[in-house]
Structures are given as C-alpha cells and as structure tokens.
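For this chain, numbers begin at 1 and follow the sequence in order. Predicted, not measured: the structure shown is a model, and the values here were computed from it.
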Amino acid sequence: MSGRTFRNETEGPWASNAVVFSPSGTPEAEFCVGDDIPALVTDAHGGIWTAYGDEGIYGGHPESGAGLAGWNTQGRSSWTPKGRLPDHPLEGCTAATENEHVWLVWYSGSRSGGTFLTRITPSTGDIASYPSPVPAPDGFAVCDRPWGPAEQPVTLST
C-alpha cells in the first residue's frame, strides 16, 4: 500500500494504491483504499483497516473523509464510523490487532483535542473508543487477555 493516491483527471477515478497478494506472492487484487494513510493493518480474516491523515480527511476522497475505514480484499468498503466516534478524526497514528478486534489510534480534530483508541469488532461492526492516556502516541500494542482494573491498552510515545 502506498499512503497517497491521486486522480488522473479532475473528476476521474482515484489511482490504485493497494495490492492484495496470495500466500504464494501472486497479486490477486489492486484497488484504492483512500488517500493520506499513516496507518494500515489487516485483521485475522484478511480485512484491511486504515486510518487517514488530514489531507485525506479533507482532500475529497470519499472513504478517507470519515477518518477510519475497513475494506475487504476486493477493495470494497466493509466498515465506516457512521458518526459513532467520540469526535471527528484529524490524523491517524497507528493500528494493531488483537484476536477478533482491530484497534485504530487517532488524533481528534476538535479544539479540545486529544487522542483516542478505537476498538472495532469486524464480525459485528461494534466499536468502543477510549481516550488515550498518552497525548502523542507513536505506537500501540495490546494483549489478548481481558483487562483488569490495573490493565489498560498500552500506547507508546517517543
């Protein structure tokens, strides 16, 4: 995947910026997953998850504008936030997977700011968002066991 894409003409189609390969290394599909992508991760079933930067969110690509998106391996949109996030994203940070969950980490676009950790369950489309305890994360890791009172997602900042 390339983080940027473009249009060949003012209103033409967006250029492909993602390729899905078979386990043997043969290209199976090529398509566009949006523009200005700082974070991409795949889930346990091969779904593709993207977080977008400000140039993608405000740049006119239809799926980038929501800030976060899920895609299938044929390039069709499989998940969008549909107004269920605590704030509108301004910039994607990083991403991770945990068993059946996908985590996307992003900066808020509001004046109050902040960074959020959003957990998506692809099989149901459910989401849960949490304020990040780290104001400017550069990485994210999560374990596959239930959290206890002292355990929270781990975010990293440099």
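Between the side chain of T5 and the main chain of A15, a donor-acceptor pair closer than 3.5 Å is present. Between the T50 side chain and the L40 main chain, no donor and acceptor come within less than 3.5 Å of each other. Between the T121 side chain and the H101 main chain, no donor and acceptor come within less than 3.5 Å of each other. Of the possible polar contacts, one joining the S78 side chain to the W71 backbone as a donor-acceptor pair under 3.5 Å is found. Without hydrogens or angle criteria, N17 side chain to G3 main chain gives no donor-acceptor distance under 3.5 Å.
Side-chain contact check for I48 versus V20: some heavy-atom pair is nearer than 4.5 Å. In this structure, L85 and I127 have side chains that are in contact, with non-hydrogen atoms separated by less than 4.5 Å. Annotation: side chain of R119 is not in contact with side chain of V102 (no heavy-atom distance under 4.5 Å).
There is a side-chain donor-acceptor pair under 3.5 Å between T118 and W106. Side-chain contact, S24 with S22: a donor N or O sits under 3.5 Å from an acceptor N or O. A donor-acceptor pair shorter than 3.5 Å cannot be found between the side chains of T97 and W103. Remark: the D87 side chain and the S108 side chain contain an N/O donor-acceptor pair separated by less than 3.5 Å.
Connection of Y107 to Y58 is not established within any shared hydrophobic cluster, with ILVMFWY side chains joined at heavy-atom distances below 4.5 Å, either directly or through further cluster members. The cluster map of Ile, Leu, Val, Met, Phe, Trp and Tyr, joined by side-chain heavy atoms under 4.5 Å apart, puts V142 and Y130 in the same cluster. Under the 4.5 Å side-chain heavy-atom criterion for grouping Ile, Leu, Val, Met, Phe, Trp and Tyr, L90 is not connected to V105 through any hydrophobic cluster.
The CG atom of D36 sits 12.0 Å away from atom NE2 of H61, with the distance rounded to the nearest 0.5 Å. Atom-to-atom distance recorded for I37:CD1 and S2:OG is 8.0 Å, nearest 0.5 angstrom. In this structure, E91 CD and I57 CD1 are separated by 7.0 Å, a value rounded to the nearest 0.5 Å. For the atom pair CD of E100 and CD1 of I120, the computed distance is 13.5 Å after rounding to the nearest 0.5 Å.
Minimum interatomic distance between Q74 and A29 (heavy atoms only, all atoms of both residues): OE1-CB, 4.2 Å. Pairing each heavy atom of P137 with each of S132, the nearest pair is CG-OG, 4.4 Å. For the residue pair L68 and P81, the shortest heavy atom distance occurs at O-CD, 3.4 Å. P27 and V19 get closest at one heavy-atom pair: CB-CG1, 4.0 Å. Nearest approach of G56 to S64, heavy atoms of both residues: O-CB, 3.2 Å. The two residues T80 and S77 make their nearest non-hydrogen contact at CG2-OG, 3.8 Å.
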Legend entry - Criterion side chain to side chain contact (heavy atoms under 4.5 Å, CB included) on T26 and F21, from CA distance to verdict: CA-CA 5 Å; T26 304; F21 290 89; over 6 Å; no
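The ring-ring contact (aromatic ring centres under 6.0 Å, His included) analysis of residues 30-54, with sequence neighbours excluded, yields the pairs W49-W79.
Note: F6 and W14 fail the aromatic proximity criterion, with ring centroids not under 6.0 Å apart.
The salt bridge (Lys or Arg N to Asp or Glu O under 4.0 Å) test applied to E55 returns R4, not counting sequence neighbours.
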